[in-house]
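I have placed the structure first, in the form of structure tokens, so that the comments after it can refer back to it.
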Amino acid sequence: MPELPEVELYCRYFAEHGLHQRVAAVHVLDERILGVRNAALKKAVVGREFTQVRRHGKHLFADAGSSWLHLHFGMSGDLFYYDNDSAQPRFARVVFEFDNGSRLAYDDMRLFGVVGVTPGPDAFLAEHRLGPDPISSGFRLPVFRTIVHGRRGAVKSLLMTQEIIAGMGNLYVDETLYRASIHPRRAVDALSDAEVEAIYTGIRGVLKEAIAFKSRGGDYPVKWLTQHREEGDRCPRCGGTIQRTVVFGRTTYFCAKHQV
DNA sequence: TTCCATGTTCCGCA
DNA sequence: TTGCGGAACATGGA
């Protein structure tokens, strides 16, 4: 599930449960999830406490003093905090055990995520050349226009590329273009100024609204495309037909009538 | 049994 | 340099 809104919620969850208590032990249940050596992970966090969390795009960072824990959630990553050992989630890959016996589990069924260590978020972003985070305060319309300028190819590909904008994935890109009434395969260099602005507004709106209602425990509104990801479904906005195709190697849904 | 899944990376080709 | 298609990774659910 984890795109930017989900990782934002994980970030808040980590901040609520995982900070300001000493890490007594780290249990690595499956080494395939590690982006660092097991010993290096333990050295970085055991005996320390996490003091703050940060998020950039789909990446979460927790300050462990001399270095930071880095979490990426792949396709199925999640966090679970619990007291009773019997509550350990089924696909727990790494478990952080605190002094008081409580635990924070990194759970990831499909193992596409990463649990790693980095000198810091800024170094990580530079090393991986990640683009700006689209809900950060600095991500204004002129910034987005600069990003779009000089690029080619399908607009969906642009929005999916983490080196260009960090945090959007298949679901929210489709939702954004649906809201902006832009066909996912439209050429970036053929977008009008008004269309670029519509996409910018769509990105911010979709992501912020998703965070807002997910944080309240709600589901996506029925008016959202994500509730209609099925070939032949009716568009809740215009009554058009929902079509399925493949863009950027990913299953893509759009309304054949109002997304031009 | 087969297909599909909210992600990323690497490779070859234009 | 940029963009894109395809394959690979690992696992469970429909």
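We name chains A, B, ... by the order of the sequence lines, and we start the count at 1 in each one.
- For the pair A/R234 and A/I242, the minimum side-chain heavy-atom distance is 4.5 Å or more.
- Of the options A/H59, A/H128, A/H56, a ring-ring contact (aromatic ring centres under 6.0 Å, His included) to A/H72 is made by A/H59 and by none of the others.
- Residue A/H72 has no polar side-chain atom (N or O) positioned under 4.0 Å from OP1 or OP2 of B/dG7.
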What string of B, S and - do you get for nucleotides 9-14 of chain B 5' to 3' if you count protein non-hydrogen atoms under 4.0 Å?
------

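- The closest donor-acceptor contact from the side chain of A/Q52 to the backbone of A/D63 lies at 3.5 Å or more, if one exists at all.
- At least one side-chain heavy atom of A/P89 sits less than 4.5 Å from a side-chain heavy atom of A/Y82.
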In 5'-to-3' order, the base (B), backbone-only (S) or no-contact (-) status of each nucleotide in nucleotides 4-14 of chain C, using a 4.0 angstrom heavy-atom cut-off, is S----BBBSS-

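- In this structure, A/R250 does not pair ionically with A/D174, as no charged nitrogen and carboxylate oxygen lie closer than 4.0 Å.
- Using a cutoff of 4.0 Å between basic side-chain nitrogens and carboxylate oxygens, A/R129 and A/E163 are not scored as salt-bridged.
- The heavy-atom pair separating A/D107 from A/A92 by the smallest distance is OD2-N, 3.1 Å.
- The pair A/R93-A/D30 meets the salt-bridge criterion, with a side-chain N (NZ, NE, NH1 or NH2) lying under 4.0 Å from an Asp/Glu carboxylate O.
- Comment: A/E8 engages A/R55 in a salt bridge, judged by a side-chain N to carboxylate O separation of less than 4.0 angstrom.
- Using a 4.0 Å cut-off, some side-chain N or O of A/K58 falls inside it from OP1 or OP2 of B/dT8.
- As rounded to whole Å, 15 Å separates atom C1' of B/dG7 from atom OH of A/Y172.
- Stem regions for DNA chain C, each three or more consecutive Watson-Crick or G-U pairs with both distances under 3.5 Å and listed by first number, read B:2-5 with C:11-14, B:7-14 with C:2-9.
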Where do A/R229 and A/T251 land on the side-chain hydrogen bond (donor to acceptor under 3.5 Å, both in side chains) test, with the steps shown first?
CA-CA 10 Å; A/R229 291 179 77 79; A/T251 301; over 6 Å; no

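- Under a 4.0 Å N-O distance rule, the pair A/D219/A/K214 does not qualify as a salt bridge.
- For B/dT6, neither phosphate oxygen OP1 nor OP2 lies less than 4.0 angstrom from any side-chain nitrogen or oxygen of A/T226.
- Contact annotation for A/S76: no contact, since no heavy-atom pair falls under 4.0 Å across all strands.
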